[in-house]
A.B. asks: 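Quick one: the structure is below, and I'll ask about it shortly.
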Amino acid sequence: MDFSLSNEQRSWQMQARKFAQEEIKPIALDLDEAPDAHGTFNWDIVEKGSKLGFRTLAVPKEYGGEGTDYVTQALVMAELARGDSAISKTFSQNWKWSHLIAQACNPEQKERFLRPFVADHRFLLGKGITEPTAGSDNRMPPSDAPKAGLKLRAERQGDDWILNGEKCFIANAPVGKLFFIDARTDPNAPLRQGTTMFLVPRDTPGFRIGKVFNKSGWRFYRNGEMIFENARVPHANVVGHVNNSDMKTQAAGDRTGGDIFGDLELAANALGVCDDACESAMKHAKTATQGGKPLFDQQLVQLKINKMHMWTEALRSLVMRVAWEHDHKVHSANAGLAMNLSTDVIQEVTELNLEIHVGAGGNALRHAEKLVRDGFIWSHLAGDTVQRLKVAARLAKMAAH
Ligand SMILES: Cc1cc2nc3c(=O)[nH]c(=O)nc-3n(C[C@H](O)[C@H](O)[C@H](O)COP(=O)(O)OP(=O)(O)OC[C@H]3O[C@@H](n4cnc5c(N)ncnc54)[C@H](O)[C@@H]3O)c2cc1C
């Protein structure tokens with residue numbers, strides 16, 4: 001395994017670092033503290049980042065994207081997250097679904113949706129699976145009882161499908177222009193056999209966005225409700241086959257591009273937050289004083305900083321290994337393990353950073369508090385019991401072979 005970077009990978013990394021320092025950092029704290037969920041978003045930063053290629057990093061070159069490898073994507077994600085974790089995620093959410101378009105869509109759909117996506121700096125993507133009564137059910141066994149899992153219904157009417165139901169917590173919903181939507185096309189079949197994936201543009205008749213969720217962390221990242229009231233979607237927007245959503249492969253323990261990428265994505269994003277925390281802890285410990293000498297001279301502070309670096313470097317090694325494995329098509333459970341590790345590491349490292357900053361006051365303390373709130377999002381996304389059970393199931397499956 002060779003972790004040395006090519007000139008191209010290094011150049012993307014440096015460009016993302018510069019963008020995070022010069023463009024993201026100066027606005028991140030204020031956006032984070034905007035009192036309502038609508039004031040935390042900023043199109044300007046999305047457009048600026050998009051012009052540098054950060055929105056289309058994962059789109060194949062033949063469709064006008066940057067066509068970068070996974071190592072580059074991990075590097076860029078981590079660097080952007082050093083500026084703001086949620087802004088990094090807003091960009092990488094598009095890479096996740098670009099991977100899905102590249103893998104699951106037919107050539108006509110790629111032409112129809114990827115080209116406009118690439119051309120428009122304000123074009124964001126999302127995927128709606130979760131519903132008010134169905135979250136974990138959609139993602140892990142035992143979900144194959146016909147009544148378990150998502151309920152949003154799609155019924156065929158001539159050349160169209162009519163969608164009725166609701167999704168919630170959907171990332172980029174309030175700002176996205178195109179969504180993958182999982183809908184039940186056979187309500188009597190278990191989830192894996194009765195679900196179909198549709199491409200639903202924002203201006204679809206009968207489709208609208210409901211409320212925007214006001215979160216304590218990742219404030220920039222938009223999560224919203226989706227309401228479908230006789231929404232009319234053409235049959236040409238079915239992704240893959242009817243009753244054959246990509247959930248089937250996920251349930252079988254095989255991984256789709258979007259799914260694999262999701263694990264790497266969260267781990268790489270957490271790495272950027274940890275780098276940010278390590279940097280600011282060291283800066284504060286060297287400048288603040290206690291008992292007439294720098295905070296850093298206190299052994300307890302040194303031990304805390306040592307622990308922060310130890311965990312961060314361990315996470316970096318696993319993130320880069322997973323990215324390398326994806327690029328070389330090596331199959332392992334490491335992506336899931338990295339995702340779970342990232343939850344433990346980000347929460348430990350940001351909390352230690354906050355402890356070091358407790359007496360700091362001002363922007364330094366606001367920033368340390370923000371990192372802790374952002375880190376808690378991993379409990380919902382990457383470190384919950386469901387994710388850990390999924391990884392355990394994968395380990396068991398691999399051990400059986
Ligand atoms: C920031 C953010 C972004 C999101 N983005 C999207 C998105 O873009 N698209 C989308 O579709 N969804 C999205 N979600 C929703 C997310 O996928 C769901 O919140 C998640 O699937 C959990 O579902 P739930 O909230 O209904 O919790 P529940 O399913 O009700 O689970 C509640 C708790 O019970 C635990 N639990 C459940 N089953 C088991 C079990 N068998 N054994 C042990 N423990 C169990 C879970 O781990 C969890 O701790 C997002 C959520 C967040 C927070």
Side-chain angles (χ1 to χ4, degrees), residues 32 37 40-41 81 84-100 124-145 147-152 165-184 191 195 197-198 200 202 209-228 245-247 250-251 256 258-259 261-263 265-266 269-270 273 336 339-340 342-343 346-347 373-393:
D32 173 73
T40 60
F41 195 76
D84 181 89
S85 168
I87 292 179
S88 176
K89 178 68 169 124
T90 300
F91 284 112
S92 68
Q93 186 73 351
N94 298 289
W95 314 348
K96 191 165 164 181
W97 307 132
S98 311
H99 283 297
L100 188 57
L124 301 180
L125 303 170
K127 180 166 187 198
I129 310 168
T130 308
E131 299 180 4
T133 56
S136 311
D137 265 12
N138 301 322
R139 298 192 295 151
M140 65 175 296
S143 57
D144 282 355
K147 286 197 184 331
L150 60 92
K151 305 277 183 298
L152 192 139
E166 210 178 298
K167 299 280 179 193
C168 62
F169 305 145
I170 309 306
N172 282 349
V175 287
K177 285 193 175 151
L178 178 68
F179 305 99
F180 288 96
I181 299 295
D182 279 321
R184 218 49 184 257
L191 182 68
T195 300
M197 188 165 32
F198 295 87
V200 178
R202 188 184 189 82
I209 303 303
K211 81 169 172 209
V212 181
F213 294 95
N214 200 3
K215 306 192 298 300
S216 59
W218 264 12
R219 305 261 308 146
F220 185 93
Y221 197 49
R222 322 269 63 206
N223 286 88
E225 280 176 339
M226 294 175 153
I227 319 282
F228 297 80
S245 166
D246 70 333
M247 286 178 163
Q250 288 184 32
T256 59
D259 195 28
F261 178 78
D263 296 346
E265 179 191 28
L266 290 171
N269 189 312
V273 176
M339 180 178 70
N340 289 341
S342 71
T343 304
I346 192 174
Q347 291 176 356
R373 283 188 283 106
D374 286 343
F376 267 113
I377 288 285
W378 267 252
S379 292
H380 299 264
L381 297 163
D384 75 359
T385 35
V386 170
Q387 300 296 356
R388 291 183 195 242
L389 290 171
K390 268 169 69 179
V391 178

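Throughout, numbering of the chain's residues begins at 1 and tracks the sequence. Only this structure's heavy atoms are used, side chains among them; waters, hydrogens and symmetry mates stay out. In listed order, ligands and their atoms are each counted from 1.
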A.B. asks: Under 3.5 Å, N or O to N or O, is Asp137 touching ligand 1 that way?
C.D. replies: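 In fact, backbone or side chain, Asp137 has no N or O that close.
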A.B. asks: Please list, in number order, the atoms of ligand 1 under 4.0 Å from a heavy atom of Lys127.
C.D. replies: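 Selected atoms, number and element: 7 (C), 8 (O), 9 (N), 10 (C), 11 (O).
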A.B. asks: Compute the shortest N/O to N/O distance between Trp218 and ligand 1 and return yes if it is under 3.5 Å, no if not.
C.D. replies: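 Between Trp218 and ligand 1, no N or O pair is found under 3.5 Å apart.
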A.B. asks: Backbone N or O of Ala81 within a donor-acceptor pair of the Ser85 side chain at under 3.5 Å?
C.D. replies: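 Between the backbone of Ala81 and the side chain of Ser85 there is no qualifying donor-acceptor contact (under 3.5 Å).
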A.B. asks: Would Arg222 and Thr40 count as having a side-chain donor-acceptor pair, cut-off 3.5 Å?
C.D. replies: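 A donor-acceptor contact under 3.5 Å links the two side chains.
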A.B. asks: Can you list the residues that meet the ring pair (Phe, Tyr, Trp, His ring centres under 6.0 Å) rule with Phe220, with sequence neighbours excluded?
C.D. replies: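 By the ring pair (Phe, Tyr, Trp, His ring centres under 6.0 Å) rule, Phe220 matches Phe41.
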A.B. asks: For Asn223, which part has a heavy atom under 4.0 Å from ligand 1: side chain, backbone, both, or neither?
C.D. replies: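 The answer is the side chain.
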A.B. asks: Going by the order shown, which atoms of ligand 1 are within less than 4.0 Å of some heavy atom of Gln93?
C.D. replies: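 Going through ligand 1 atom by atom, the ones under 4.0 Å from Gln93 are 8 (O).
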A.B. asks: Nearest non-hydrogen atom to atom 17 (O) of ligand 1 belongs to which of Leu125, Thr130, Ile170, Leu150?
C.D. replies: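 Result: the heavy atom closest to atom 17 (O) of ligand 1 is in Thr130.
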A.B. asks: Of the side chain and backbone of Asn172, name the one, both, or neither that has a heavy atom under 4.0 Å from an atom of ligand 1.
C.D. replies: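 None of Asn172 does.
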A.B. asks: Under 4.0 Å from any heavy atom of His380, which atoms of ligand 1 are there?
C.D. replies: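 Matching atoms, with element in brackets: 53 (C).
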A.B. asks: Only counting residues at least two apart or in another chain, list the ones meeting ring pair (Phe, Tyr, Trp, His ring centres under 6.0 Å) with Tyr221.
C.D. replies: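 Result, ring pair (Phe, Tyr, Trp, His ring centres under 6.0 Å) vs Tyr221: Trp218.
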A.B. asks: Looking only at heavy atoms, what is the nearest atom pair of Glu131 and Leu150, with distance?
C.D. replies: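 Smallest heavy-atom distance, with atoms named: OE2-CB, 3.2 Å.
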A.B. asks: Kindly determine whether Lys167 and Asp182 satisfy salt bridge (charged side-chain N to carboxylate O under 4.0 Å, His left out), including the steps that lead there.
C.D. replies: CA-CA 10 Å; Lys167 299 280 179 193; Asp182 279 321; over 6 Å; no
A.B. asks: Might you point out which heavy atoms bring Val391 and Asn340 nearest each other, and give the distance in Å?
C.D. replies: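 Between these two residues, the closest heavy atoms are CG2-ND2, 3.5 Å.
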A.B. asks: Is there at least one pair of N or O atoms, one from Ala171 and one from ligand 1, spaced under 3.5 Å apart?
C.D. replies: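 Yes, at least one N or O pair falls under 3.5 Å.
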A.B. asks: Nearest non-hydrogen contact with atom 14 (N) of ligand 1 belongs to which option: Phe213, Phe376, Phe169?
C.D. replies: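 Considering heavy atoms of Phe213, Phe376, Phe169, the nearest to atom 14 (N) of ligand 1 sits in Phe169.
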A.B. asks: Does ligand 1 come near enough to Ile129 that some N or O of the ligand is less than 3.5 Å from an N or O of the residue?
C.D. replies: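 Yes, at least one N or O pair falls under 3.5 Å.
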A.B. asks: Does Cys168, backbone or side chain, put an N or O under 3.5 Å from an N or O of ligand 1?
C.D. replies: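 So ligand 1 has no N or O lying under 3.5 Å from an N or O of Cys168.
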A.B. asks: Is Asn138 reaching over with its side chain to a backbone N or O of Gly149, donor-acceptor style, under 3.5 angstrom?
C.D. replies: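 Checked: no pair found.
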